[in-house]
**Student:** 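My questions all concern the structure below.
Note that the numbering runs from 1 along the sequence shown for the chain.
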Amino acid sequence: MVQLYNLHPFGSQRVVPCKQEPAQFCCGHDVLFVASAAASCGVEVFAVRREGHCEPLGSFATLGPVLRMAHSRAGDYLVTIEEKSKATFLRAYVNWRCMSAGSSRVCVRMVGHKMEESYTETLKEQMSIVEMALSDPPLCISCCPVNGDLLVGCRNKLVMFCLKYLVINQNLTVLDFERSLILHIDNFIPAEVAFYARHIAITTELDVLILKLDLIQQSADRGEQCACQVSTTEKLVDGVTKMSSHLAERKILVFWLLGFLHFTPDQSPFGFCEETKLHSVQFLPVYQTGKCTCVGRSEQAVLTPQFLHVITSESLQCYTVRCSAAAARDEDPYIDTTVKACPPVTLDVCTLRMQLFIGPRAICHYKNHIILLTKADTEDITERRKPSRRMLSRKADSNKSRTNSESEPGWNLYIINTVSTIQLYREMVDYSRTYENVRTESCIHLLSEAHLLVRAAVTDPSFFKSDDKEELLRAFKESCAFLGDCYSRFDTKDYHLALPYYRMSGLSVAEVLERLASESGEIQMYEKGLIFYLTHSLNEELNEELSKELADKVLQIFYLADPMQLPHIICSPCMKNVCPLTAVKYLRKVEDIMPSVVLTLTKAFMALKMGDLTMYECEMNSHKETMLACGFIGQPKLLRECKEGIVIPTEFAVHLKALQPGLLVAATVALHENSKIELEEADMFFKVLCNNGEDMVPQLLVDFWEALLVACSQEEVLQELLLRVTYQYVWRISKKQLPETKPLKTTEDLINSCDHFGSIFPWVTFIMSMESPLDKDFPEDISKLQSILCGQSIDITAALPILEPLAAAGNVGLTVRVLCSTHLGKYEESIDQLLRQCPAAAVLYAQHELKGDSRAVWWNKLLPELCERARLTGSDCPVLISSLKETLSVVAMELELWDFLSLLPEDGTAAFFLPHLLHCSQRKQLM
C-alpha cells in the first residue's frame, strides 16, 4: 500500500541552455553531457553549479547519432554507443575536458593500440577517442563507479573491459581499456545493464538477472581474457547458482547467480503490450526494498539513497525508499533492541509529490539535482494551448494566425533542485501534527519517513564533510524523540519502541516526562509505551536524580498504571528525592491488595529515610530473618546501587551492618546465589560499606565468604572462596592482626554447617595443645585454617604459595606443613617432620593417616626411624621409647613372624623386643 502526502521535495527548476534538441544525456562528477538529436551530431558539456545553474563548457562532435551514453567518475571518461551508416560503434572519450578548455586537437585510436612515446606526448592537450571493436552490435552500457571498468551488453552476451592506466613517463599517464571477460547468456537480449563492484544486473523486456563475480585466485595479468557460458534456464537452488571459469592456472573467476526475476504481465488477446516492458535497472551502494504503485504508466526511474524518482507520461513522481533502514539492518541484524531501533523495511512506501510536466521522456540524477527531458507531441501542444469555451469566440482570429507555429513539437531539458534534507524533514514533522489526534498510525508513519530521511543523510559517506552536519545530527535526535513521543502516547502494538527511540534521542528521564506533560502540568494519559520506558529506565543504573515533583509524579503514574512495580521504582537511584511519606502511603495501598516481602522491605527503607525507627522495627519484625534475606532478591537496590561503575551501599545496608550484620551477610549470599551480584561486586560492596581500603579485607567480607562456602555449589567459585579465606587467615596469623569485628561464625559453626571445613584431626589437636606464644593469640583463625586443611575440598597445590608465610610459625607451621604433605600423599616426609619437631605426635599421626595402601609406612618408615633414634638417644628420651613400643604393637599385628623378625635390629635388647615377637607368633597360632 502506498501512502500519499502532499509535500514539496522539489525546489526551483532551471532550463539547460542546449542549442540542439537532446537525444541522450547523462551526469558526470560535476558536469552534464547532452547529445543532440539533430543532424549535426555532437555532445554539449555543461558545468553544474550550485542551485542548478548550468554553464556551457564546450562541445565536441561524434561519429553519428548517440544511442546510449554513460560517464565514469573513475577515469573521468565518457562512453557512447553511436550509429553511422546502419552500423553501431562503441567509443570512449578520454581527456574530453581539453575540448572544454578550447583545444581542437583530437586523437582517435583503437583499444589496446600501442602508443609511441613521441606520439603520446601530445595527448596531454588533446582529447582521445578510444574505439572498441565488437563482434556484435552493442545494445547497452554501464560503468563501474568504483574502478571505472566498462560493461557492454550485446545480444546473448556481456563483454567487460578493464580500465587501465598506462604510464608513458613520469609526466604522462593515459587511459586505455582491455577486454577481460565475455559472458555468454543463452536467449537473452539485454535492454539495460548496471555494474557496481563486481555486481551485474541485466534486464530484458520482462526479466531481471543479477550476477556476482568473485575472483578466487588473482592472476598476474589482470587483463587476461576469458569466456564462459550461462544458461538462464538453470534451476535456482535457494536463489543462488554458482558458475566458474578457469582463466588460467593461477586465476579462477566464479559467477554467483544471485537472482533471476521474470515478470508476467496481464495477457491481452491482442498480443504483447508495450506498456509492460521493464525500463530501468540501477545499483545503489546500499540496499533497498519496497513496492511502488505509480499513478500512470512509468517510463523511467532513478534511485537515490532517500528517494525513488519516477516519470510517467505526464508527471514526475517522488517516492520514499527503505535504503537506510535496510542498510542499518544489514550492518546490525539485531538493531531493534532496548538501546536502538529503526523503522522496518516493510513500512508502507509513500508518495511525496506528483509534479506535472508535459511529455517527460528521460530522467537522471546528480547530487541534489534531477535532470528531466520533456518533449511534447503536436497534439499535446495543441491541447495545452486550446482556449476555453468562453474565450473561444474572442480569441478565434488570433488562434488561426498562430496555427503553423504551434504545430511544431516543443522540448525542454530541466534541472530540478531537490530541497535540502533539513527543509523536507521539517515539512514532514509539521505535516505529521495534522494526524496527531486523528490518525495515530499515519502520524507514526510520516515521522518514520522523516527519521529515515535524516538517517540516510547521516549515514552518507559525505556527511562528515557536510556544512549542516550539526543540524542533521540535531534533526536525527529530534526525530528519535518524536517517535518516542508517539510510541509512549499512542495505543499501539509497538509501544516498546518508545524505549530505544528515547534513548537514541539523548533525552533524560526528566526531559521525557516534561515533554509528555500538558500545559497544566499533568501528563495526559498513561499508555503502555510510557510505562515500558519508565520501568526500564528507572530500573537501570542511571546517573540522574529526578526532582521531588517529578519523582512524586512517577509514583502516581505507577500507582495508577502498574502498582506492583512501585517497590522497584522507589528503589531506583533516580528516585532519591521522592517523598518517603508519599511512597509509604502508596505502598500501604498496594499491600492491602497484594502483600509481599519486597513491599515490607521497601516500607522499612522509607521508614529509615524518615527516621522512624519504630516503624522500621515493626516492618522488619513482621517476617522471619530467612524470609527477609530472600526478599532482597526481589529488589537488590534496597542494599546497593551502582554509580559510574562503583558499588555504593544504601542507607538500609549501613543500618543492617550496625544492627543486623548476619541478615546483611545472608541477604548478600542470596543475591549472589540468584545471580543478582557478582563475587567481585560483593567484595567492593563490603569494602565500601566498612570503609576499608582496597587492600584491606574487613571481617564482614570474610563472614560473607564463609557463609557463601556453606551455600555455593559451583566448583570454580568454591576453590576461589577457599583460597580467599585461607589467604586471610594466614595473613592475620602471620601479621598478628586481629579482626576488627567479632566473626559471625565460630570454627565449630562452620564444621557443623559446611562440608568444606573438616573436623580437626586428633594429632593436630595434640600438637596445638603444646602451647606457644604465637599459637594462643589467634585461636579462631588458626583453628579455621586447620579445619580447611583437614577437609577434602581445597586444592592444596594452589594453596601452597599462600601458606608459605607460616612455614616457620612454630606448632601452627608444623601442622600446616604436615597437613599439606599428607594431602599430597607424602607420608614419609610428614613422619620425618613430626619426628624432628614433635615425636610424641608421630604415632597419633600414623594411627590416623596410615591406612589402606599407606599402611606399609608403619614398618617401612616409622619403625626403622624410631629404632635408629632410640639407639642414638638411649633411655634419655622416653617419648621415643613409648612411640617405639606402640609402633611394634601395630606392626606385630600386621606382619608374618619372619617378616617382623627381619625388621628388628640385630643389636637390639632381646628383653625389649621379645614380648612383641611372642605376641606376633601367638597371633599366628590363633589364626
Side-chain angles (χ1 to χ4, degrees), residues 2 73 142 144-147 193-203 208-216 236-242 254-261 280-292 301-309 319-350 365 421 425 444-445 447-466 469 472-473 475-477 479-480 483 487 494 496-497 499-501 503-505:
V2 177
R73 182 169 182 175
S142 179
C144 176
V146 177
N147 52 31
V193 291
F195 191 23
Y196 188 95
R198 297 181 291 108
H199 289 77
I200 295 174
I202 319 153
T203 63
V208 178
L209 180 67
I210 304 173
L211 300 172
K212 181 182 179 183
L213 282 65
D214 277 332
L215 191 62
I216 293 181
L236 299 180
V237 180
D238 293 332
V240 178
T241 295
K242 177 181 175 183
V254 176
F255 299 85
W256 295 93
L257 183 58
L258 300 184
F260 179 78
L261 305 176
S280 300
V281 62
Q282 180 182 345
F283 274 124
L284 197 69
V286 290
Y287 297 98
Q288 64 280 338
T289 186
K291 181 173 70 174
C292 295
V302 291
L303 185 64
T304 74
Q306 294 172 312
F307 302 111
L308 174 69
H309 299 288
Y319 296 88
T320 57
V321 292
R322 303 290 165 255
C323 301
S324 56
R329 279 174 171 75
D330 181 67
E331 182 180 350
D332 183 4
Y334 307 101
I335 191 170
D336 292 319
T337 62
T338 58
V339 179
K340 52 188 175 179
C342 180
V345 293
T346 55
L347 187 71
D348 286 346
V349 172
C350 73
H365 174 263
T421 299
Y425 163 76
I444 293 175
H445 180 271
L447 286 173
S448 297
E449 293 286 9
H451 174 80
L452 289 175
L453 180 73
V454 179
R455 183 186 279 268
V458 170
T459 55
D460 190 275
S462 62
F463 165 73
F464 295 101
K465 299 179 182 178
S466 174
K469 177 174 68 174
L472 283 170
L473 281 175
F476 178 79
K477 290 185 176 182
S479 70
C480 294
L483 285 170
Y487 289 114
D494 295 322
H496 62 280
L497 293 176
L499 177 62
Y501 279 119
R503 283 182 170 170
M504 292 164 66
S505 72

**Student:** Got a second to check how far Ile444's CD1 is from Leu483's CG, nearest 0.5 Å?
**Tutor:**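 Here the rounded value is 8.0 Å.
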
**Student:** Of all residues at least two apart in sequence or in a different chain, which pass the salt bridge (Lys or Arg N to Asp or Glu O under 4.0 Å) check with Asp460?
**Tutor:**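 Asp460: no salt bridge (Lys or Arg N to Asp or Glu O under 4.0 Å) contacts found.
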
**Student:** Applying salt bridge (Lys or Arg N to Asp or Glu O under 4.0 Å), name anything that partners Asp494, two or more places apart in sequence or on another chain.
**Tutor:**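 If we apply the salt bridge (Lys or Arg N to Asp or Glu O under 4.0 Å) test to Asp494, skipping adjacent residues, there are no hits.
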
**Student:** Do the side chain of Arg455 and the main chain of Phe476 share a donor and acceptor less than 3.5 angstrom apart?
**Tutor:**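 A pair under 3.5 Å: no.
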
**Student:** Using the side-chain contact (heavy atoms from CB on, under 4.5 Å) criterion, which residues pair with Ser466? Sequence neighbours excluded.
**Tutor:** Asp468, Leu472

**Student:** Does any N or O in the side chain of Asn147 come within less than 3.5 Å of the main-chain N or O of Ala197, such that one atom is a donor and the other an acceptor?
**Tutor:** no

**Student:** Please enumerate all residues that pass side-chain hydrogen bond (donor to acceptor under 3.5 Å, both in side chains) together with Ser142, with sequence neighbours excluded.
**Tutor:**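 With neighbours one apart ignored, the set is empty.
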
**Student:** Is a side-chain N or O of Ser324 found less than 3.5 angstrom from the main chain of Leu452, in a donor-acceptor match?
**Tutor:**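 Yes, because the side chain of Ser324 sits within donor-acceptor range (under 3.5 Å) of the backbone of Leu452.
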
**Student:** Heavy-atom distance under 4.5 Å between the side chains of Thr338 and Arg503, does that happen here?
**Tutor:**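 The answer is yes; the side chains approach within 4.5 Å.
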
**Student:** Evaluate the ring planes of Tyr487 and Tyr501, with Trp represented by its six-membered ring, and classify them as parallel (under 30°), tilted (30 to 60°) or perpendicular (over 60°).
**Tutor:** parallel

**Student:** Among all residues two or more places apart in sequence or in another chain, which pass the side-chain hydrogen bond (donor to acceptor under 3.5 Å, both in side chains) test with His496?
**Tutor:** none

**Student:** Not counting sequence neighbours, which residues clear side-chain hydrogen bond (donor to acceptor under 3.5 Å, both in side chains) with Tyr425? List them please.
**Tutor:**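 side-chain hydrogen bond (donor to acceptor under 3.5 Å, both in side chains) check on Tyr425 returns Glu478.
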
**Student:** As an exercise, state the distance from CG of Asp348 to CD of Glu449, rounded to the nearest 0.5 Å.
**Tutor:**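 Asp348 CG to Glu449 CD: 9.0 Å, rounded to 0.5 Å.
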
**Student:** Which residues satisfy the ring-ring contact (aromatic ring centres under 6.0 Å, His included) test with Phe307, sequence neighbours excluded?
**Tutor:**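 Phe307: ring-ring contact (aromatic ring centres under 6.0 Å, His included) contacts with His309.
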
**Student:** Would you mind reporting whether Ile202 and Val208 have side-chain heavy atoms less than 4.5 Å apart?
**Tutor:**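 In short, these two side chains do not touch, never coming nearer than 4.5 Å.
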
**Student:** Just to verify, what does Lys477 make a side-chain contact (heavy atoms from CB on, under 4.5 Å) with, not counting sequence neighbours?
**Tutor:**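 If we apply the side-chain contact (heavy atoms from CB on, under 4.5 Å) test to Lys477, skipping adjacent residues, there are no hits.
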
**Student:** Measure from the side-chain N and O atoms of Arg329 to the backbone N and O of Ile335, and report whether any donor-acceptor pair falls under 3.5 Å.
**Tutor:** no

**Student:** How long is the span from the SG atom in Cys144 to the NE2 atom in His199, to the nearest 0.5 Å?
**Tutor:**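 With rounding to 0.5 Å, SG (Cys144) is 11.0 Å from NE2 (His199).
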
**Student:** Could you tell me if the side chain of Phe463 sits less than 4.5 Å from the side chain of Leu473, heavy atoms only?
**Tutor:** yes

**Student:** To the nearest 0.5 angstrom, please state how far the CG atom of Asp336 sits from the SG atom of Cys342.
**Tutor:** 7.0 Å

**Student:** Please report the interatomic distance CG(Leu213) to CZ(Phe195), rounded to the nearest 0.5 Å.
**Tutor:**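 Answer rounded to 0.5 Å: 6.5 Å.
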
**Student:** Looking at Val349 and Arg322, what are the two nearest heavy atoms and their distance?
**Tutor:** CA-NH2, 3.4 Å

**Student:** Keeping Arg198 on the side-chain end and Lys212 on the backbone end, is there a donor-acceptor pair under 3.5 Å?
**Tutor:** no

**Student:** Which residues satisfy the side-chain hydrogen bond (donor to acceptor under 3.5 Å, both in side chains) test with Thr421, sequence neighbours excluded?
**Tutor:** Gln306

**Student:** Do you know the tightest heavy-atom contact between Leu497 and Ala341?
**Tutor:**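 Closest pair (atom of Leu497, atom of Ala341, distance): CD2-CB, 4.1 Å.
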
**Student:** So, for Cys480 and His451, which heavy atoms are closest and what is the spacing to 0.1 Å?
**Tutor:**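 Scanning both residues, the minimum pair turns out to be SG-CE1, 3.5 Å.
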
**Student:** Any chance you could measure Thr203, atom OG1, to Ile210, atom CD1, to the nearest 0.5 Å?
**Tutor:**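 Atom-to-atom, Thr203:OG1 and Ile210:CD1 are 10.5 Å apart.
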
